[in-house]
Each structure stands twice: as structure tokens, then as C-alpha cells.
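Only one structure is covered here, and it is reproduced in the block below.
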Amino acid sequence: VLIDVHCHLHEFSNPHKFKEIVIIAVSDDLKSSIKTIKLCETEKNWIPAIGIHPWEVKNTRKSALEEIKHLVARHEIKVLGEIGLDKKFVPETWDKQLIFFKFFLKLANEYNLILNLHSAGAWQEVFNLLVKYDIEKALFHWYTGPLDLLEKIESKGYFIGINPAITIQEKHKEVAKISKNFITESDGPYKYRGLELNPLMIKNTIKIIAELRNESVSKVEKRIEVNFRKYFEF
Ligand SMILES: [Zn+2]
């Protein structure tokens, strides 16, 4: 079974073509959080993650945070995402991003939630806050941060996402060669340098990871499955 640990399923016009794939469906804002919860009720393989994406922080009222909290309580949500910090694409909203992210870290502690994280240009800052807030379960989606930080992330028992962009992104290849705690993801339907990312690409992603690591496809699949079980605790 294919595992997609980070996908914006609510943005696809025909998401049900991915119904065989185990997907953590992340949200971007309050509206897509509600949509994602409803969407995931229709397929047994899909798990909703809710939250406010760092790119959406600029256009989101702080009162939306309380509404996310209500959704968590009302729908027995297990995962928060896509949340985090971004210094690369939206540095101008950094202070407000910090307020939002710290709210979600407290919420995670209160409800024992699993985090699905965006950390572009802020890998170290996100890691430091996870440690500070004593977060147990977290995944750094599409990890392209420093390799020495990857070691620290994994020694804390956190996970990273490996994306189909691995076909063209050299930094991601280096990550895939040495990571232990990786899980496959698509980040679909995001477009990256001509790649229209979607969950069906994960089959080929696994093949490339296996080649890079000199391991069999079945060994890589097994590791992804074991990691996913540890991350999601099912
Ligand atoms: Zn994403």
C-alpha cells in the first residue's frame, strides 16, 4: 500500500482517484480544514490534518485559531497540518507566524496531537520550538534542511517527508540517502519546476529512494510502513 504523509487533497477536483492510497490530507486555512474533515469521512484510507499554513497567516484573523481548536475537540482530530514557520517565502509575516505556531504547539500538548510541519528556511527554528514545547510526534514535510540537523531531528524520534521532487532536486537526494525516519509524501497538487505533484507519483519515488540507498524496493517500502506506524501510532 502506498503512503502519502502530506497531500492537499482538498485542492484536487477528483480526489477519489487516490482512494487506494493512505493519505494524511493537510489543510491550509479554516475553510479547507472544514472541507478536509468532510472529505476524509468519505474514504477509510484518508486521515484529516487541520491548521493554518504559514503562507495563510497573513490573511487569517487570530480568532480562527480558537475555531481550529473547536474543530479538534469536536471531530477527534489527531493531526495538525500544514502548520509551521517559513522564513524563505514569507519572512514579512514572521512575528505573526510565531504567534500562530506557538498556539498550535500548545494545542498539540493539550490534545496529544501529531504535527505535520512546513519549515522552509526555518528548519532550525521549528526544531528548537518542538524541543522547547516537548512535542512527541512530528514530521518535517519535504525535508531539504541541513544534513546535521536531520541527525538531531531523527535522534529526537521525529520524521521527515520524501517528495517526488527527488527526481530533480539534488538536496533531497542527499537527504534520502542518509535518512532513517522517512515517509513518502506528494504535497500534491503543488507544482514544482514543471512537476505536477500527485499521490500516484509515490510509486516511482520509492523506486528512486531504493536506487539511491542501494536497497531493494521492498526493503524501502517496509521501512516507510514501519515509520508511518510509529508516526501515526495505529
Ligand atoms: Zn504542503
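In each ligand, atom 1 is the first atom listed, and ligand 1 is the first ligand listed.
- When you scan the N, O or S atoms of Asp187 for the one nearest the Zn ion (ligand 1), you land on OD1.
- The closest donor-acceptor contact from the side chain of Lys96 to the backbone of Val57 lies under 3.5 Å.
- Each of Ile153, Leu139, Asn181 was compared with Tyr158 under the side-chain contact (heavy atoms from CB on, under 4.5 Å) criterion, and only Ile153 meets it.
- Per residue Glu82, closest N, O or S atom to the Zn ion (ligand 1): atom name OE1.
- Judged by the 6.0 Å distance and 45° axis criteria, Lys87 is positioned over the aromatic ring of Trp94.
- Residue Cys7 does not count as close to the Zn ion (ligand 1), with no N, O or S atom under 2.8 Å.
- The nearest N, O or S atom of Asp28 is not closer to the Zn ion (ligand 1) than 2.8 Å.
- Here the two rings, on Trp142 and His118, have centers that are 6.0 Å apart or farther.
- Here His8 reaches the Zn ion (ligand 1): one of its N/O/S atoms is less than 2.8 Å from the metal.
- In this pair, Phe228 and Phe232 present their aromatic rings parallel. The plane angle is below 30°, not in the 30 to 60° band.
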